[in-house]
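So you know, we letter chains A, B, ... as the sequences are listed, proteins then strands, and number each from 1.
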Amino acid sequence: MLDRIEFLITEALTAFRRNHWMTFAAVTTAAMALFLLGGLGFAYFRLEGLMAELRQDYRLRVFLKDGLTQEQKSQALGTIRNLDGVETATLIDRRKGLEVFAQENPDIPVADFVNDNPLPDAIHVTLTEIDKTPQITEQILKQTWVEPNGVRSLNELRLFLQSLISGSRLVGFTLGSIMLLTGGILIYNTIRLTIMARRREMRIMELVGANRRTIVLPLLVEGMIDGMLGGLVAFIFLFFSVRAIEGIILSLDSFAKFQGIPVGPTLFLLLSAGAVYGLVCSMLASRDVRTGVA
Amino acid sequence: MQRSAPYIQFDRVDVGYSDVSYGLRGISLTISRGEFVFLCGLTGSGKSTLIKVLTREVKHTDGRVLFDGQDLSEIVPETVPALRRKMGIVPQDFGLLPNKKVWENVGYAMRAVGRTRREVSKAVPVLLERVNILHRADQYPKELSGGERQRGAIARALINNPPLLLADEPTANLDPEHSVGLMQLLEELNRQGMTIIVATHDMPVVEQFGRRIVRLEFGRIVEDVRQEPLIEESAEALAVGGSEDA
Ligand SMILES: Nc1ncnc2c1ncn2[C@@H]1O[C@H](COP(=O)(O)OP(=O)(O)O)[C@@H](O)[C@H]1O
Ligand SMILES: [Mg+2]
C-alpha cells in the first residue's frame, strides 16, 4: 500500500520538474482565485460582524470659513437644514465651540484659549440616516462658506468599513470568478501538458496492462498539489492582508479589538478547497485517458 | 494444457479505419499455443493492425476474434488491462524510455502493474538475463546498440510472464546480423513455451528460420505456409499446428 502510494506520488512529482513554469502560473492564479473568493469572503463576514458592534454616530461637524457675517452664517445654517437627510443643524460659534470642547474633554484645561481661540465657527449637524453621510458631505463641501475639507464625520471608521465591504464584495467576487476560471484553465492545461510530455510513459503503462487508475492517479495527484499550493499561497496572502487591514482599523478606532485570522481552520479550509478545485480540473483534463479501445 | 485447442482465432475479421480505408479485410487465421508465426508483407499490408486487434489498441469492425477462450468483442475498457497482462507487447513505435536506465525501464513497467520495489529488484535481473543484456542493466538506451535496445524492450514485455509475445517489426532498424540474433532470442523464448507472433517485412531473415509465415497484402492473407524446419526444435511446432483457413 505505502509502496503504491510512493510510486504514484513519485510519478506526480516528476511532472513538477518537467513543466514548472506552467505549474507556477497555475498555482499563482489558483492562489489569487482562492484568496479573492475565500479570503475576501471571510473578511467580509468578519467586517460585517465588526460593523454590528460599532456604535452608530449620526453627527457631522461643518467648519465655516473665517470672517463670515452673521447673515452669511444663518444662510449657511438654512442651506444645511434644507438638505435631504438632515435632522437638525445648530450653529456653534467659536466661543460656544470652546465650551462644547471643554464639556467633551473635561481633562483639558481650556482657560488659556479663551483669548486666543483656535476654533473656527462650526455647524453641528445630526442626520436622519447614516447612509446619507457621503452625499450630504459632498453637497456641503460644494458651498463657498465652508472650509476646504471642512466636514468631519464622527463615523469615519464605519464608512471606511462600509466601503471596504461593498468594494470587496463586488471586486472580490468579480475578480475571484475570473481568476477561478483562469486558474482552472491553467491547471487543466498543466495536466494536458503533463499528458503530452508523458505520452510515452503512459503508452508503455497501457501496453503492459496497467490499470487506468495507475495511469490517471498521478495526474489527479498533480492537479491536487497544484490546487493545494494555491491554497497555501492564498493563506499566506490572506494572513498578511488581514493584518494590514486590522492595522488601518486600529489606527482609526483604538477601541476596536482584533484577533487576526484563526490559522488552523483557515489553512485547512483553503487547502481543502484548493485540493478539490485542482482535483476537478485534473479530472476534466484526464477524462479522455484510456487504457485501450473497447 | 491442450496445445491443439485454438489459442488465437480470427474468423472473417475486418478492421475499417474509415469508410474508404481498411486495415484488415476478411482475415481468418488460427494460431495454436506454442506456435511461432511470422506476419509478413509490405508496409501498409495490415501487420500492425492484426497485432493491434489482439492487444485491443484497435477494435475489429466485423467478424470474430477469440483469444485464450475469450471473445474479444466482450472486452470493455475495464478489462483491457487484464487482457494485456496475458500478452507481452513489443510495439513498433515505443521503445525504451530514454531518460531511464535499462533496468529502470523494466522496473518502471513492473511498478506500473503494481509490483513492489522488492519484487522489482528481484525480478529485473532475471528478466534481463533472459534476454542477455544483464551486463547492460545500468546503461541508458542511447548507450546501447539497436539490438540491445530491442532486447530491453522484450524484457519489458516479459514482466507479466505472458504466454504470448507480440513483436511488431522488432528488427526494423537492425542490420541483418543483429536481426538474426534477435530472432534467435525469440526462438529461444518459443522453445521455453511462449507463443510468438512477429510482424516483419524482413524476408531474407525470415527465410532463414523454418517457421510459419502468414503473408498479408492490402489487409488480406495471401499466403500461409509452413516452411521446412531448418532447426530441429521447429518440428514440434509443426506437428501441433492446427488447420488454417486462409
Ligand atoms: N490509425 C489509422 N487510421 C487510418 N488508417 C490506418 C491507421 N492505421 C493503419 N491504417 C491503414 O491501414 C492499413 C494497414 O496498416 P498497418 O496495419 O499499419 O500496416 P503494416 O503494419 O503492415 O505496415 C494501411 O493502409 C494504413 O494506412
Ligand atoms: Mg506496421
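- Residue contact with chain B, scored on non-hydrogen atoms closer than 4.5 Å, involves the backbone and the side chain of A/E201 alike.
- With a 4.5 Å cut-off on non-hydrogen atoms, B/L158 does not touch chain A at all.
- In terms of heavy-atom proximity, B/S48 sits nearest to B/D168 at OG-OD2, 2.6 Å.
- Contact of A/R4 with chain B is made through the side chain alone, with heavy-atom distances under 4.5 Å.
- Across all non-hydrogen atoms, the minimal contact from B/N99 to B/Y140 is O-CE2, 3.7 Å.
- Partner of B/I197 under the side-chain contact (heavy atoms from CB on, under 4.5 Å) criterion, chosen from B/L50, B/L165, B/I8: B/I8.
- With hydrogens and angles ignored, the 3.5 Å screen pairs no side-chain donor or acceptor of B/R85 with any backbone N or O of B/N160.
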- Would you check, one step at a time, whether the test side-chain contact (heavy atoms from CB on, under 4.5 Å) holds for B/F36 with B/V198? CA-CA 8 Å; B/F36 190 125; B/V198 185; 4.0 Å; yes
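- For residues 100-119 of chain B, heavy-atom neighbours of chain A at less than 4.5 Å comprise B/Y108, B/A109, B/R111, B/A112, B/V113, B/G114, B/R115, B/T116, B/R117, sorted by residue number.
- Heavy atoms closer than 4.5 Å to chain B are found nowhere in A/R213, neither backbone nor side chain.
- Look at B/R191 and B/E188 and you find a salt bridge, because one of the NZ, NE, NH1 or NH2 atoms lies within 4.0 Å of a carboxylate O, short of that distance.
- Looking at A/L207, the atoms closer than 4.5 Å to chain B (heavy atoms on both sides) sit in the backbone and in the side chain alike.
- With B/R25 contributing its side chain and B/G219 its backbone, the two residues share no donor-acceptor pair below 3.5 Å.
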- Message: ring-ring contact (aromatic ring centres under 6.0 Å, His included), that's the test. Do B/Y17 and B/Y22 meet it? Break it down for me.
- Response: CA-CA 6 Å; B/Y17 281 116; B/Y22 268 82; 9.1 Å; no
